[in-house]
**Student:** 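Below is one structure. I have some questions about it.
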Amino acid sequence: MAEFLANYLPAWLAYMVAGAIHVGLIINLVAVGALVFIWLERKISGRIQDRLGPTRVGGKFGWLQTLADGLKLLTKEDLVPGGADKMLFRIAPYVSFCASIAAFLAIPFAGGDYPFIVQHVNTGVFFVLAVLGLEVFGVILAGYASASKWSLFGAMREAAQVVSYEVPLGLCAVVPVMLAGSLDLVVIGDVQQGWFTNWLIFHDPATFLIFWVYFTCATASVNRAPFDLAEAESELVAGFHTEYSGLRWSFFFMAEYGSMFSVSLLASILFLGGWNGPLPITEWLGLTAANGDIAWYIGQVLGVINVIGKAVAGVCVMMWIRWTLPRLRIDQVMATCLKYCTPLAAAFFLGAVAWQWSLPGRTFFGLLESPAELQSVSEGWSDATAAATDEDEPEASEDQTVSSEPSRKVAAAKLTGAAALQIASTNLQGGK
Amino acid sequence: MGDGIYWPTFFFLLFSALACGFALAVVFSRNVVRMAFYLVMSLASTAGLFFLAGEDFVGAMQLMIYVGGTLVLLIFGVMLTSQKQFVEMKTPAGQWIVGLVTGCALVALLWMAAFETPQWQPISRAEAEAVAVQPTATPIGVALTNGRVDQLDQPDETLRGGMSSYLLPFEIVSVHLLVVLIGAAYLARAKRRSPSAAAPG
Amino acid sequence: MSGQAFVDQLKQKFGDDIVGANLENVDPWVEVTAQGLLAVCQHLHDEPSLAFDYLNSVTAVDYLETDPKKAAKADFEPHMQVVYHLFSMQHKHSLVLKVIVPRWRDDVPGQLPEVPSVAGIWATADWHERECFDLLGVKFTDHPNLRRILCPEDWVGYPLRKDYEMPTEYHGIRGR
Amino acid sequence: MVIGVARTDFEKLEVYQLAERLADLTWRIALHWDQMAKATLGGQLIRAADSVGANIAEGCGRGSYGDNRRFAKIARGSLYETKHWLRRAYSRDLLDAGQIEQLRSIIDELAPRLNAYIRSIGRAACNPKTDTTDYGPRTTHMSTLVDDPRVIEFDVRTDEMLVNMGPQHPSTHGVLRLVLRTDGEVVSEVTPHLGYLHRCAEKIGENLTPRQWIPYTDRMDYLAGMNMNLGWSLTVEKLLKYEPPEKGRHLRVIIAEMGRIASHLVGMGAYGLDLGSFSPFLYAFREREKILDLFEEVCGARLTYSYLTVGGATADLPRGWLQKCEAFLEQFEPIIAEYHALLTTNSIFIKRTAGIGVMSPEMAINFGTSGPVLRGSGVDHDLRRDGEEIYTAMYDGYAFEVIVEKDGHYPKDHKYPAVPHEAVLGDCWHRFYVRMLEVVQSIDLVRQAIDRYSTAEGGYGEPRKLTEKLPKGEAYLETESPRGQMGFYLVSDGSSIPWRARARSSSFCNLSVTSDLCRGCLIADIPAIVGSLDIVMGEIDR
């Protein structure tokens with residue numbers, strides 16, 4: 001965008017304007033997303049509980065209800081308890097909120113050569129997971145600075161829980177990374193293009209199962225029921241945000257919904273094909289870069305709708321779970337993480353490795369041939385010696401990728417991977 | 001407008017100022033949790049510097065390990081064990097002096113190291129923009145498992161084989177960390193008098 | 001076992017500690033002295049043919065006519081009755097015990113009448129006796145934790161006594 | 001907020017015990033002095049010696065380490081003062097050799113220990129259970145060696161916290177206040193504090209006629225007002241030796257059992273809330289509303305009915321009501337399966353309740369618990385079958401089994417979900433389960449009662465006169481209300497106003513087990529345990 005603006009504006013201003021637009025879009029995405037999700041949560045909980053939910057504000061579906069709530073929260077007094085550490089107490093909600101927003105910086109909404117992404121970080125998966133882990137810091141500060149015992153309990157639970165759940169969450173995220181051969185979210189999304197059979201969730205039984213482990217851990221790491229121990233209202237009054245009121249309190253909620261959205265986005269990119277629909281409709285309609293800017297742009301927007309739709313579905317499932325299940329106890333939450341999620345994630349990870357090793361180049365539970373994008377990665381798996389002897393391997397894979405109109409970046413990433421694997425195989429030989 | 005502002009330099013200065021400022025705040029703060037908070041900000045600014053240098057992986061690593069892990073655990077420990085709500089720390093004069101001497105020595109060392117590095121001159125803008133951003137995780141992963149990427153152009157096959165990987169040192173470090181963790185947990189276990197055994201005896 | 005036979009049996013075992021009995025009332029009762037209460041209760045609880053293992057209620061009734069006109073005609077001397085309702089889960093039968101004590105020990109106002117606590121026999125007596133102490137001012141000796149239970153700790157007086165007067169003020173709150 | 005309040009059981013401190021011995025010994029010695037010595041030296045000596053222990057105790061009770069240390073230092077000052085007065089007494093030939101030896105031995109032990117104690121304050125609270133501090137060179141029997149068998153290894157040491165759960169807390173069912181002593185998430189002690197809703201209804205009962213007191217019984221267990229009305233009415237009728245006509249008897253069964261369903265629905269829904277599951281609460285209230293609609297049609301009120309009264313009921317059932325009631329039961333019965341799916345058989349629900357708060361049958365009886373709490377522990381006791389004649393007569397001829405696990409299984413008159421293998425008899429799960437089964441049983445009973453009511457002849461039982469004189473005497477009666485055995489005790493002196501009206505609350509006794517059940521559980525278990533007792537504070541505080 002900066003390059004585009006530079007045509008009309010001085011370079012320094014172009015950078016600033018482009019940055020401001022990006023940041024503004026992201027903040028709006030989180031804030032408006034939170035508004036929509038709060039409304040959605042009320043509607044969904046209402047329907048689940050056999051009632052209507054909001055109906056009055058803003059017409060038919062009460063769609064302005066959250067805005068009315070927001071206005072109410074704005075006018076509420078901003079209370080700080082007398083015994084609190086005032087600076088930390090005031091700053092804590094912003095820490096959470098910033099961390100929640102920052103995760104969106106590296107999440108692409110559409111792929112291709114010019115992906116829709118704020119900052120193309122080539123270790124996107126890792127960055128998003130790292131930044132999501134920061135949200136807990138705000139919660140802990142809030143709980144500690146509130147000078148309330150209930151808040152302190154909430155903060156202690158949050159710290160213990162989130163730090164533990166990052167382990168299986170990371171393990172689950174490694175599987176798509178391994179299959180796509182890149183930490184770049186754009187690449188991971190792009191390798192799943194084509195039919196839904198190429199989605200990594202359907203790649204093999206292990207990835208299918210590990211998706212559910214991922215979803216469980218994601219629910220736990222964003223503190224949603226049945227893992228919402230930090231705010232467990234029946235035990236801890238309201239946990240870490242017991243002492244908060246007004247706008248600061250709402251920041252925690254925006255952060256929570258923002259995190260829910262970002263882990264769901266991550267799930268949809270890692271496992272559910274990202275911006276690629278279940279059927280290659282954009283290709284059928286010719287909405288690709290080859291057919292001009294407008295067609296490409298429409299294709300990208302369709303991709304954005306796709307990825308957001310999948311993420312919203314994920315968020316809805318989280319809500320559905322919340323209004324159905326009772327809450328676990330803290331020791332059971334930790335046991336779920338350490339006794340079930342982590343070993344399961346590790347086992348499925350090994351399963352995925354074994355599957356890929358034994359059935360390279362196959363997808364959809366081994367029933368179909370992999371698309372070309374996945375081939376180049378899986379070659380490394382197939383036969384190390386063969387790869388080593390084949391001197392033209394990099395070019396060959398490039399030919400393949402060119403033939404099926406992939407993005408240059410994918411090819412570049414693959415090349416590095418292929419080269420590395422080639423060296424690896426030579427090393428193995430040398431060792432022998 | 002000409003060249004205008006060179007943004008990477010601007011951000012470099014911004015992040016380094018933040019990192020240094022918060023580092024000083026850590027030193028002069030007395031409240032342990034505030035200290036942790038300042039430390040988080042300082043480390044996050046350092047992570048910003050890494051991102052600026054194109055080392056995304058190291059930056060994210062910094063965030064995940066130091067900010068998300070170490071400091072959270074630190075505050076967790078303070079919350080669990082503190083005698084009163086907000087723990088204050090006072091540094092005696094002797095420790096100030098020791099700290100000052102150590103700190104100065106470290107600064108001097110870094111200073112020397114920095115100025116002995118030959119590339120420590122600003123490169124031209126054209127040069128800077130010409131540097132292609134490389135994937136940062138792949139070489140690390142490759143180096144860990146099977147080969148040193150920095151030695152790819154080593155012509156001698158046998159030499160290349162010898163420098164196979166960092167996997168063994170990595171494993172040794174991991175096991176070492178595990179041992180430290182278990183040791184810490186063991187030391188943290190408090191000893192208490194058992195009421196049942198004390199009553200008859 | 002018929003009422004009279006049961007009372008006779010108790011009298012034989014505990015002698016003067018069984019003061020009397022009323023078998024005409026809807027719920028017949030046996031009157032026990034305060035000194036003999038613990039032994040009688042222990043017997044009622046432990047004796048397999050009786051097995052009164054369930055204590056329904058401990059309460060007290062204040063007998064005092066505050067109206068001087070009616071007091072002249074009243075057919076009782078001022079006194080306090082502590083009433084125990086017992087039940088046996090095994091035999092499904094019940095019993096009422098009464099202990100009659102003066103309203104004030106040694107008739108000095110402020111000195112609470114004393115009755116031994118049966119909390120050692122039935123755990124439920126703990127709270128019932130606390131309530132009785134709180135509202136009627138009966139002191140249960142050897143009670144593990146004889147504090148007010150329903151009224152605040154600093155409440156003055158025993159509300160269910162007939163001569164109780166509601167304080168005009170409690171911590172700045174108007175009482176009446 | 002103070003974390004780590006020092007415990008107040010200073011009596012167990014060795015320094016305190018020594019100070020006590022010193023004070024008592026000086027007292028005994030000074031007692032035998034002449035008047036002159038007593039008035040001058042004796043008073044001063046005893047004051048100083050007493051003040052040693054008093055300051056240790058006061059410091060211990062102060063809560064903060066700073067205060068504690070300050071008072072301990074004052075105690076040390078008093079000890080030196082005692083020494084001074086003893087030296088004066090010695091120089092004035094007031095002490096004999098034996099006394100000097102005794103005093104010396106105490107002071108020689110006390111002085112170093114007191115110093116060590118002052119140093120130790122803050123390092124360990126003056127809590128004798130956790131205190132392993134060595135109080136001086138002579139205390140070899142309190143060694144802190146690692147291989148000392150009295151020292152056990154604990155989890156990571158954290159500080160104790162005193163937390164107030166309630167009276168304003170989402171899961172204490174009203175205004176119950178629980179004071180928790182916690183160590184991290186583990187609760188070592190729970191002390192319930194009651195009385196926030198105390199209205200002294202019994203005093204009001206001494207100033208109103210029995211029928212006038214009926215509305216006050218509504219406000220005891222306000223979730224089952226009908227059953228409260230019934231209990232008091234039957235008690236008065238017992239004293240009056242009155243028996244309502246047959247039709248009135250069946251009417252009372254219909255109303256009481258519908259009240260039980262409505263009450264158990266709240267208990268069930270609120271228990272879901274306690275465990276963090278919100279939706280069952282609304283499902284339960286949806287059905288309860290329908291029962292309240294039926295009650296409203298009967299008596300005009302939805303919460304405080306005052307419908308059943310002495311002599312029968314205030315009015316007969318309206319025309320067409322029975323059909324509506326039957327339609328409701330028809331619609332309601334299949335829905336119970338949903339509750340079982342959401343709660344009873346939900347695996348998280350089972351994890352949270354099975355094996356938690358286990359109460360043995362002996363304990364349940366000893367604590368006087370009743371109703372589903374008692375039957376959840378496997379005690380086969382239900383006043384509808386085992387109660388007094390005047391109450392069981394109401395259910396005469398009705399077919400029902402007491403809901404209790406006997407010989408390892410619950411009654412098999414209906415199809416119930418199976419008992420999970422994790423559940424232990426007497427735990428929270430069983431208490432909840434008994435309530436769920438009682439709802440089905442009550443549906444059965446209402447259906448039977450409707451049949452009998454519609455064929456019964458005669459009146460429904462006119463209320464007795466408002467100011468009818470009561471016979472002299474006293475009556476006590478317990479009835480099986482939804483939360484347990486609600487007892488009323490009525491003493492009459494022959495006038496129309498009772499001499500004493502007493503309400504024995506079931507929830508009151510059920511709540512009294514809390515501190516025993518909650519010892520050593522986790523914080524999250526407290527709502528689970530208290531919720532499974534299903535208390536109503538209106539009834540406890542009366």
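Worth saying up front: this structure is predicted, and the values here are computed from it rather than measured. Labels below follow one simple rule: chain letters A, B, ... track the order of the sequence lines, proteins then strands, and each chain is numbered from 1.
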**Student:** Which atoms of D/F278 are under 4.5 Å from chain A, going by heavy atoms: the side chain, the backbone, both sets, or neither?
**Tutor:**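 Both backbone and side chain.
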
**Student:** Does any heavy atom of chain A fall under 4.5 Å from the side chain of D/L522, the backbone, both, or neither of them?
**Tutor:** side chain

**Student:** Compare every heavy atom of A/P326 with every heavy atom of D/S277, then report the nearest pair and how far apart it is.
**Tutor:** CB-CA, 3.6 Å

**Student:** Near A/K86 NZ, under 6.0 Å, is it more than 12 heavy atoms from other residues, nucleotides or ligands?
**Tutor:**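 More than 12 within 6.0 Å, yes.
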
**Student:** What part of D/R286 is in contact with chain A, defined as an atom under 4.5 angstrom from a non-hydrogen atom: side chain, backbone, both or neither?
**Tutor:** side chain

**Student:** Pick one of side chain, backbone, both or neither for D/I356, based on which atoms fall under 4.5 Å of a heavy atom in chain A.
**Tutor:** side chain

**Student:** Is the shortest side-chain heavy-atom distance between D/K351 and A/T336 below 4.5 Å?
**Tutor:**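 Answer no - side chains too far apart.
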
**Student:** Which of residues 236-255 of chain A get closer than 4.5 angstrom to chain D, counting heavy atoms alone?
**Tutor:** A/L236, A/V237

**Student:** Can you name the nearest heavy-atom pair linking D/M165 to A/W150, along with the distance?
**Tutor:** CA-CZ2, 3.8 Å

**Student:** Rounded to the nearest 0.5 Å, what separation is found between the CD1 atom of D/I348 and the OG1 atom of A/T324?
**Tutor:**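 The OG1 atom of A/T324 is 10.0 Å from CD1 of D/I348, to the nearest 0.5 Å.
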
**Student:** Between A/I48 and D/Y283, is any pair of side-chain heavy atoms under 4.5 Å apart?
**Tutor:** yes

**Student:** Counting only N and O atoms by type, is there a donor-acceptor contact under 3.5 Å from the side chain of D/S279 to the main-chain atoms of A/W323?
**Tutor:** yes

**Student:** Would you give the length of the straight line joining atom CZ of A/R327 to atom CG of D/L273, rounded to the nearest 0.5 angstrom?
**Tutor:**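 Output value for this atom pair is 9.5 Å.
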
**Student:** Below 4.0 angstrom, N of the basic side chain to O of the carboxylate: do D/E289 and A/R51 qualify?
**Tutor:** no

**Student:** Quick one, D/I523 and A/R157 - any side-chain contact, counting heavy atoms below 4.5 Å?
**Tutor:**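 Touching, per the 4.5 Å side-chain cut-off.
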
